There are 2 protein chains.
Amino acid sequence: MSDTKIRNMEEFAAVSGISRPTISKYFHDPDSVRPSTRERIERALETYDYRPNIFAMNQNRKLTKNVGIVVPYLADPFFAEIARQLEQRCIEAGFRPTLFSAHGQQDLENDILDSLRSLKPAGVLLAPLGRASDRKTVESFCADVPTVLFDSNIEGVGEAFVGSDNFSFVSQTVEYLTRTGDPPCFFEMMTPANPNANKRRLAYLEMMERLGLEPHVIKIEGEGWAFEEIGRQGALRILDAGGFPTNIVLCSNDRLAIGLLSACYERGFRVGRGEGCALRVASHDDHPFSRFTCPSLTTAAHDYDAVANCAIGTLNDLIEAGGRFQKRTETLFAARLVLRASA
Amino acid sequence: MSDTKIRNMEEFAAVSGISRPTISKYFHDPDSVRPSTRERIERALETYDYRPNIFAMNQNRKLTKNVGIVVPYLADPFFAEIARQLEQRCIEAGFRPTLFSAHGQQDLENDILDSLRSLKPAGVLLAPLGRASDRKTVESFCADVPTVLFDSNIEGVGEAFVGSDNFSFVSQTVEYLTRTGDPPCFFEMMTPANPNANKRRLAYLEMMERLGLEPHVIKIEGEGWAFEEIGRQGALRILDAGGFPTNIVLCSNDRLAIGLLSACYERGFRVGRGEGCALRVASHDDHPFSRFTCPSLTTAAHDYDAVANCAIGTLNDLIEAGGRFQKRTETLFAARLVLRASA
DNA sequence: AGAAAAGTTTTTCGCGCGTAAATTTTTGGA
DNA sequence: TCCAAAAATTTACGCGCGAAAAACTTTTCT
């Protein structure tokens with residue numbers, strides 16, 4: 001290992017005795033050069049430890065290996081987990097993922113999309129903010145860059161959508177809860193940021209009507225992404241004002257449920273199915289921590305694996321198809337009911 | 001708004017009637033061009049909506065505004081939260097942050113550092129994997145790129161370290177627990193990935209010796225980043241084998257504590273200070289979720305604000321100092337004891 | 001063996017922009 | 001009004017690399 005620093009491909013070409021474009025070909029595909037040439041390059045590589053500048057590489061490339069992954073709020077463990085899986089699979093598929101979080105802010109989401117244009121990505125996996133997204137900006141971005149939406153759908157935007165079937169989530173929890181007890185009330189935020197929340201409420205209403213039961217939708221106040229605190233405050237208010245209309249509460253998502261469980265514990269309401277339990281609580285998402293709540297949370301689980309696999313697969317197909325699909329596809333995955341102690 | 005797409009600065013210069021380098025100056029600092037020129041550019045900007053390619057900009061820039069932020073495991077809410085704060089402050093300070101997660105893997109950490117060299121960052125904020133880091137690679141990276149370490153210190157590596165004072169964390173929890181009850185035992189992983197864990201154990205031992213009390217360190221098995229599950233399994237084994245040596249458990253970190261609380265609930269051990277409580281549990285970090293555990297978790301809180309502020313400030317100073325400090329500095333922030341229901 | 005075909009390497013140019021040096025324009029003072 | 005200094009703009013070149021076209025080798029087949 002020599003200690004002379006190689007600053008660029010030109011210098012490395014000089015010390016290895018081969019022209020720069022051949023070196024470039026080697027890094028693009030080591031098998032594309034003659035074995036004898038390859039050996040010379042690799043011998044030089046052992047001595048000088050040079051690696052091409054990845055951004056200069058992409059500057060003039062026809063098709064990069066870059067993939068952008070955008071989530072609305074990375075400090076939400078649900079998105080952290082899905083982002084982790086997507087990144088891993090991207091790398092396995094030979095792509096170079098770059099992760100972005102909009103931190104719940106529209107201007108940041110717009111900035112991210114701008115940055116992504118500069119990155120010249122082969123494709124983008126985008127989970128938009130939802131209600132807070134700047135639709136025009138997202139639309140114009142998707143028109144220029146091959147994009148697969150996930151988690152939150154925006155009708156007609158992007159080449160494809162991969163997500164979860166909210167009706168499957170809610171129908172399974174409602175069915176289970178009614179089968180094993182009283183009909184549930186539905187606990188949600190008044191103005192949810194995520195469009196899935198609206199679909200879940202509609203699914204709840206439809207299921208209740210189908211079963212001939214009276215629905216109770218409880219909307220609590222609160223803005224932003226601090227769902228646990230919003231759920232806790234909302235639940236405290238309700239508990240202190242006489243309690244829920246039924247003794248079974250179905251939460252729109254696990255983070256709200258975590259707050260609700262916390263409030264129940266604080267006020268001494270025991271949650272679960274056993275003797276002496278005042279309330280049963282179920283929810284949706286299978287948040288990474290829902291297994292560790294007290295009691296552990298009964299919930300409808302996303303098929304994280306399938307969603308991540310399908311998103312990457314769809315993106316791969318999209319890229320191989322040249323960035324456009326004949327027609328926009330929507331793939332939804334059913335939920336898996338996870339029975340735990342809370343209901 | 002015209003619909004002719006401007007592809008680069010050259011084309012924008014043509015339609016605005018000004019030379020490209022002047023346009024370049026404008027985007028670098030709008031005040032650096034004559035007001036009349038600026039007005040002409042901005043008028044053209046309204047018509048043609050062009051934005052420079054950020055990666056081409058950095059290609060030949062002397063000093064970029066890029067900042068790399070690297071964390072060991074982004075799906076850990078502690079790191080998600082600190083990363084969120086760092087990103088926000090970077091943007092406020094006029095930098096362009098890019099976030100990376102090593103996902104707990106050494107090879108990914110190494111790859112990230114390689115990518116970061118290509119990004120030509122003005123500086124990097126690096127929270128290394130710790131025990132799993134490839135010290136040589138990190139060292140060589142820090143020698144080439146101005147780097148501030150945070151969270152996990154690696155002696156002598158990087159220009160500065162910003163983190164929390166583990167002794168302050170442990171001394172406060174131990175002092176509080178002994179003052180209000182029996183001496184605590186210490187609950188930790190057998191082979192912690194993070195060096196802070198070792199410092200916390202040593203602090204516990206020192207504090208117990210200082211107080212003339214017998215220490216009990218309980219080491220549980222488990223590898224990886226699924227701390228909650230590791231804590232839960234370890235606690236279940238201990239509870240089923242007769243319980244903890246004392247009725248006060250001090251956990252090395254909140255994620256282990258979350259697992260322990262879950263195990264206690266499962267086995268019917270009531271945690272807290274009140275009547276009928278079998279155990280008191282305290283911990284360290286003030287994990288975003290620790291407020292919502294059942295019972296809510298007494299813990300020593302990081303000063304997230306101060307750490308994030310100081311890290312960005314130090315990085316700023318480092319960049320303004322040309323990338324090197326006279327001598328390496330280490331800044332540690334004291335903990336703030338947060339009394340909640342678990343102890 | 002000789003020429004065409006196939007495979008490699010090199011030449012040349014371009015990506016989108018920054019920057020130092022050269023040129024032009026503006027400003028300010030006599 | 002004129003000229004030098006200051007400010008603004010333009011010229012010319014470079015960053016690190018990809019890609020098409022040209023030049024050169026090696027293989028293949030008659």
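Naming: A, B, ... by sequence-line order, numbering from 1 per chain. On a predicted model such as this, the values are computed, not experimentally measured, just so you know.
Screening residues 97-146 of chain B for ring pair (Phe, Tyr, Trp, His ring centres under 6.0 Å), with sequence neighbours left out, gives no hits. Listed by first then second residue, pairs satisfying ring pair (Phe, Tyr, Trp, His ring centres under 6.0 Å) with a partner in residues 11-41 of chain B read B/Phe12-B/Tyr50, B/Phe27-B/Tyr50, not counting sequence neighbours. Listed by first and then second residue, the salt bridge (charged side-chain N to carboxylate O under 4.0 Å, His left out) pairs involving residues 100-116 of chain A are A/Asp114-B/Arg51 (not counting sequence neighbours). Applying the ring pair (Phe, Tyr, Trp, His ring centres under 6.0 Å) definition to pairs two or more places apart or across chains, those involving residues 55-93 of chain A are A/Phe55-B/Phe55, A/Tyr73-A/Trp225, A/Phe78-A/His302, A/Phe78-A/Tyr304. Listed by first and then second residue, the salt bridge (charged side-chain N to carboxylate O under 4.0 Å, His left out) pairs involving residues 9-25 of chain B are B/Glu10-B/Arg20 (not counting sequence neighbours). Sorted by first then second residue, the salt bridge (charged side-chain N to carboxylate O under 4.0 Å, His left out) pairs that include residues 68-88 of chain A, not counting sequence neighbours, are A/Asp76-A/Arg255, A/Glu81-A/Arg84.
Separating the CG atom of B/Leu119 from the P atom of D/dG16 is a distance of 15 Å, rounded to the nearest angstrom. Per the geometry, CZ belonging to A/Arg61 stands 16 Å off C1' belonging to D/dA20, to the nearest Å. Going from atom CZ of A/Arg51 over to atom C1' of D/dG16 covers 16 Å, rounded to whole Å.
Surrounding CZ of B/Arg7 are at most 12 heavy atoms belonging to other residues, nucleotides or ligands under 6.0 Å away.
For B/Ser24, the side-chain contact (heavy atoms from CB on, under 4.5 Å) partners at least two apart in sequence or on another chain are B/Met9. In this structure A/Asn58 satisfies the side-chain hydrogen bond (donor to acceptor under 3.5 Å, both in side chains) test together with A/Asn66, sequence neighbours excluded.
At D/dG16, none of the side-chain N or O atoms of A/Asn53 fall inside 4.0 Å of OP1 or OP2 (strictly under the cut-off).
Among the candidates A/Val71, A/Val307, A/Leu315, A/Ile312, the single residue satisfying the side chain to side chain contact (heavy atoms under 4.5 Å, CB included) test with A/Leu86 is A/Ile312.
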Only distances under 3.5 Å count here; give the side-chain donor-acceptor pairs of residues 319-327 of chain B to other protein atoms, sequence neighbours excluded, each with its distance to 0.1 Å.
| unit_1 | atom_1 | unit_2 | atom_2 | d |
| --- | --- | --- | --- | --- |
| B/Arg324 | NH1 | B/Cys142 | O | 3.4 |
| B/Arg324 | NH1 | B/Glu159 | OE2 | 2.7 |
| B/Arg324 | NH2 | B/Ala143 | O | 3.0 |

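For the pair A/Asn58 and B/Ala56, nearest-nucleotide mapping onto DNA chain D gives the more 5' position to B/Ala56.
For D/dG18, its base sits under 3.5 Å from the side chain of A/Asn60 at one donor and acceptor pair at least.
Axis orientation changes by 30° from one end of the helix from C/dA1-D/dT30 to C/dA30-D/dT1 to the other, with each end axis drawn from 5 pairs and the value rounded to 10°.
The footprint of chain B on DNA chain C, defined by a heavy-atom cutoff below 4.0 Å, extends from C/dG16 to C/dT26.
Residues from residues 10-38 of chain A that place a heavy atom under 4.0 Å from any atom of DNA chain D, listed by number: A/Arg20, A/Pro21, A/Ser24.
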